[in-house]
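Below: one structure, written as structure tokens.
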Amino acid sequence: MDIYDKLMTLAKRRGFLYPSFEIYGGVAGFYDYGPLGSQMKNNLENLWRKYYILNENFLEISTPTITLYEVLKASGHVDEFTDLTGECPKCHNSYKIEDLEKPVCPKCKIPLENIHPVNLMFPTKIGVGNTRDAFLRPETAQGIFTSFHLLYRYAREHLPFGVVQLGRGYRNEVSPRQGPLRMREFSMAEAEIFFDPNNKTHIGFNEIKHETIRLNDNIEEQVLTLEEAVNNKIIHSEALAYYLYLTQSFLLDAGVDREKLRFRKHASDELAHYAQECWDAELYSERFGWIECVGIADRSAYDLEAHTNASGVELIASRRYETPKKVRIKRIIPNMKKLGPLFKEKAGRIKTILEELKPEDDEINVNLDGEEIHIPRDCYEIIEKEETITQEKFIPHVIEPSYGIDRIFYCILEHSFYETEKNNEIYRILKLKPIIAPIKTGVFPLVNDEKLVSIAKKIDKTLRDNGIQTYYDNSGSIGRRYARMDEIGTPFCITIDYDTLNDNSVTIRDRDTTKQERIPIDNIVEYISSRL
RNA sequence: GCGGGUGUGGUGUAGUCUGGUAUCACUUAAGCUUGCCAAGCUUACAACUCGGGUUCAAAUCCCGGCGCCCGCACCA
């Protein structure tokens with residue numbers, strides 16, 4: 001049994017992860033979060049919120065998982081996530097049709113069979129009868145982009161600002177074989193930070209520029225300060241470097257092993273269709289090697305531009321000039337009194353075209369539905385005037401840290417898993433960080449004596465009243481109860497013994513050292529709270 | 001998706017070759033006990049991946065589905 005098997009066994013036994021729909025045979029790529037798993041996932045997501053919403057002051061939104069066809073068509077997912085695949089009947093290899101000149105097996109020279117598109121999105125329909133096509137979203141980001149204009153206004157038209165979303169994404173994986181590392185329905189936490197493309201510096205960079213980070217640019221792996229990485233153009237902007245560091249801080253805080261964390265740069269041929277530069281935070285797993293858990297991409301203006309073009313709504317920002325510019329401009333002013341009667345129903349469209357034309361020639365011809373239409377001179381005026389321009393419009397660039405919550409969840413479990421031996425028996429401990437641990441403290445009466453039990457229950461209640469998740473247990477030997485808590489990563493255990501009756505104190509046991517400390521009952525809440 | 005391997009209580013297993021409804025341990029639960037690291041005793045719960053076939057009889061043999069593991073492909 002390798003660590004993956006041991007961990008997944010523990011996860012099932014103790015209520016972290018269950019295979020979904022197991023009574024019907026199960027289906028690959030889906031997992032249930034059990035009682036402890038759900039709590040731990042909440043803790044992980046809330047820690048993420050602390051980083052991005054509290055510390056960075058970003059805006060959280062929540063958008064539908066069902067996403068209109070048009071959105072994903074514009075974003076490129078409909079086309080880019082679809083591969084036409086064919087299979088050779090002789091050698092049984094599969095090929096992407098678009099990689100070949102003809103649909104013929106390059107080895108056996110015979111035509112491919114079973115040619116079908118492989119689309120990684122789950123299609124669905126909205127409504128009954130007059131339906132609209134839709135997909136389950138492959139990422140949460142598009143929901144942020146499609147409301148950019150409203151969010152930009154909410155942010156009072158200042159850049160940079162960030163918007164985050166935590167939620168489910170869906171990808172119909174061809175072969176989801178890596179357990180919770182490749183799920184068909186998965187949780188992600190994404191931040192989209194909108195920048196002026198002329199200014200990808202970061203206000204917080206100065207404070208963190210001497211911190212180090214482990215970088216692998218596919219040529220070499222080195223530990224650099226962020227300043228060095230930016231100056232040597234290994235990372236191309238301060239902003240991107242900042243979010244690499246933020247990601248590192250978050251992951252380490254969540255309990256990732258520093259030795260099992262690195263950042264790897266995507267080679268140009270592995271960049272996603274929307275990405276300009278991308279770094280993955282990779283976490284090491286014993287069985288699967290380096291796992292991509294966070295993607296930090298410079299998506300440039302790709303998405304906002306695509307949605308602006310497809311929807312006709314300008315998803316843009318303005319850059320105010322320090323000193324307004326005065327420019328002389330010529331402009332065409334259509335004369336609707338003439339245009340209207342002359343062109344009837346076409347007049348409206350002609351007006352729009354005229355207003356966008358640059359008045360250069362005296363002769364104006366307009367192309368409407370392939371028809372060349374001459375516009376008489378008396379249908380418009382050309383005026384020239386001086387205008388004060390205070391701002392210019394541009395499409396913001398997007399930097400996107402995108403976290404695979406389930407993958408991080410699994411890697412934290414793996415990095416926290418320790419197996420030792422105690423009295424010739426295998427002893428397992430999950431050394432979860434207190435902030436991540438689903439249960440913060442066990443509460444035990446040393447023996448099943450009503451005098452101790454009643455005090456224990458009172459302490460248990462007090463802790464819960466103060467927002468500390470407890471686990472009351474009076475069954476089995478004290479050692480067994482400690483072992484149960486160790487296996488699910490509970491950092492503290494409180495034991496009420498006969499001395500408690502005399503001096504109102506209890507022992508608090510530390511999971512990792514097994515050391516005990518005696519403290520007054522009145523100090524318990526403070527003791528635990530200060531360590532979370 | 002292709003090929004190979006594999007599937008027994010919550011977990012790990014014996015039994016499969018050579019057909020006769022299932023072994024052991026841990027866990028869990030109830031109780032007795034227990035004065036700090038999975039102690040002990042009693043009792044209890046609990047399984048043959050699913051469907052079809054062969055047979056008097058299938059965990060066992062055959063076929064298919066599903067899951068898992070490995071390789072190829074796919075994905076990033």
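Reminder, nothing fancy here: chain letters follow the sequence lines and each chain counts from 1. These numbers come from the heavy atoms of this one structure, side chains and all, not from hydrogens, waters or symmetry mates.
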What nucleotide, of [options], holds the atom closest to the side chain of [X]?
X	options	value
A:Y427	B:C36, B:C37, B:A29	B:C37
A:R287	B:G35, B:C70, B:C75	B:C70
A:R171	B:U28, B:C75, B:C36	B:C75
A:R177	B:G35, B:C70, B:G10	B:C70
A:R182	B:U34, B:A76, B:C75	B:C75
A:T9	B:A38, B:U11, B:C36	B:U11
A:N448	B:U34, B:U11, B:A38	B:U34
A:L120	B:C75, B:C37, B:G35	B:C75

Determine whether A:D298 and A:H236 satisfy the following criterion, side-chain hydrogen bond (donor to acceptor under 3.5 Å, both in side chains), listing intermediate values before the conclusion.
CA-CA 10 Å; A:D298 187 333; A:H236 282 85; over 6 Å; no
Short side-chain to backbone donor-acceptor contact, [X] and [Y], under 3.5 Å:
X	Y	value
A:S529	A:E526	no
A:N43	A:I436	yes
A:R511	A:G489	yes
A:R481	A:G476	yes

Length of the [atom1]-[atom2] vector between [X] and [N], whole Å:
X	N	atom1	atom2	answer
A:F492	B:C36	CZ	P	23 Å
A:Y4	B:C70	OH	C1'	14 Å
A:L10	B:C26	CG	C1'	14 Å
A:R13	B:U27	CZ	P	10 Å
A:N474	B:C36	CG	C1'	16 Å

For atom [atom1], what is the distance between [N] and [M], given to the nearest Å?
N	M	atom1	result
B:C45	B:U11	C1'	15 Å
B:A14	B:U60	C1'	13 Å
B:C74	B:C2	P	16 Å
B:G64	B:U23	C1'	31 Å
B:C62	B:U55	C1'	12 Å
B:G3	B:G10	P	32 Å
B:U27	B:G9	C1'	11 Å
B:U18	B:C26	P	35 Å

Nucleic acid contacts of residues 449-460 of chain A, taken as heavy-atom distances under 4.0 Å to RNA chain B:
none
Tell me every residue that passes side-chain contact (heavy atoms from CB on, under 4.5 Å) with A:A281, counting only those two or more places apart in sequence or in another chain.
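side-chain contact (heavy atoms from CB on, under 4.5 Å) list for A:A281, sorted by chain: A:T247, A:L251, A:L261, A:F263, A:V294.
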Just wondering, more than 12 heavy atoms not from A:F58 lying within 6.0 Å of its CZ?
yes
Base orientation of B:U21, syn vs anti, 90° cut from 0:
syn
Taking for A:G476 and for A:F288 the nucleotide of RNA chain B with the nearest heavy atom, the one nearer the 5' end belongs to A:G476
Under a 4.0 Å N-O cut-off, is there an ion pair linking A:R287 with A:D5?
yes
Can a side chain N or O of A:R481 be found less than 4.0 Å away from OP1 or OP2 on B:A38?
no
